[in-house]
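Single-structure report; data block below.
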Amino acid sequence: MPNAQVIPELAYDDVGAASDWLCSAFGFTERLGIGDHRAQLVFGDGAVIVIERDETEVSASSVLVRVEDADSHHERAASHGARILRPPTDYPYGERQYTAEDLGGHRWTFSQSIADVDPASWGGTLIDIE
């Protein structure tokens, strides 16, 4: 993993069960396990850290993940019991997205690029940071 990559930590009651479910339902691959309290899962070039929930972990997180095919990914997630909050939908900014909730209450938006759209056409502004 590159040093500058952002990797969210998501808390669950059972790290092993959450890791297994995220791999089955969303297609992650477990890269590293540390005992029964921590795991790193990868998806393409991205990753998440699954940690054991404690009494200070009270809020759920939201994560956006790029996928090749939002519809087939949605079918996979639904077949593994993901709670679908929003079905695959096309958006004016050139993305097809769906949102699901996992067994820990975290919300995941899976996004497929379907068109190269000028941000000005939907009210956005592209900022060149290089």
With side-chain contact (heavy atoms from CB on, under 4.5 Å) as the criterion, how do F110 and L64 come out once you've worked through the C-alpha distance, each side chain's angles and the decisive distance to 0.1 Å? CA-CA 6 Å; F110 294 94; L64 184 131; over 6 Å; no
So R66 and S113, do their side chains get closer than 4.5 Å, heavy atoms only? yes
Return the minimal non-hydrogen interatomic distance between A11 and H106, and the atom names on each side. O-NE2, 2.9 Å
Ion pair check, D69 and R96, cut-off under 4.0 Å: no
Do the side-chain N and O atoms of R86 and T99 include a donor-acceptor pair separated by under 3.5 angstrom? yes
Taking the side chain as C-beta and beyond, is there a heavy-atom pair between C23 and L41 under 4.5 Å? yes
With the side chain counted from C-beta on, respond yes when V15 and I51 share a heavy-atom pair under 4.5 Å apart, and no when they do not. no
So does R107 have more than 12 non-hydrogen atoms from other groups sitting under 6.0 Å from CZ? no
Can you confirm if the aromatic rings of H80 and F26 lie within a centre distance of less than 6.0 Å? no
Looking at side-chain heavy atoms only, is the closest gap between D90 and E95 below 4.5 Å? no
Working to the nearest 0.5 angstrom, can you tell me the gap between E52 CD and H37 NE2? 7.5 Å
Write down the atom of P8, the atom of A47, and the distance for their closest heavy-atom approach. CD-O, 3.5 Å
Can you tell me how far OG of S111 sits from NE2 of H73, rounded to the nearest 0.5 angstrom? 11.5 Å
Least distance between heavy atoms, G104 atom then R53 atom: O-NH2, 3.3 Å
Could you check if a side-chain atom of R38 sits within less than 4.5 angstrom of a side-chain atom of V50, using non-hydrogen atoms only? no
Full working for side-chain contact (heavy atoms from CB on, under 4.5 Å) between V63 and T109: CA-CA 6 Å; V63 180; T109 297; over 6 Å; no
Indicate whether the side chain of E30 and that of S19 have a donor and an acceptor atom separated by less than 3.5 Å. no
Which heavy-atom pair separates E101 from W21 by the least distance, and what is that distance? O-CH2, 4.4 Å
Please answer whether the main-chain N or O of P87 pairs with a side-chain N or O of T89 as donor and acceptor at a distance below 3.5 Å. yes
Taking the six-membered ring for Trp and the full ring for Phe, Tyr or His, determine whether the centres of W108 and Y98 are under 6.0 Å apart. no
Got F28 and V42 here, is their nearest side-chain heavy-atom distance under 4.5 Å? no
Which heavy-atom pair separates S121 from V117 by the least distance, and what is that distance? OG-CG1, 3.1 Å
Scanning both residues in full, the closest heavy-atom pair of A18 with L103 reads CA-CD2, 4.2 Å
Would you indicate whether the side-chain heavy atoms of Y93 and I114 approach each other to under 4.5 Å? no
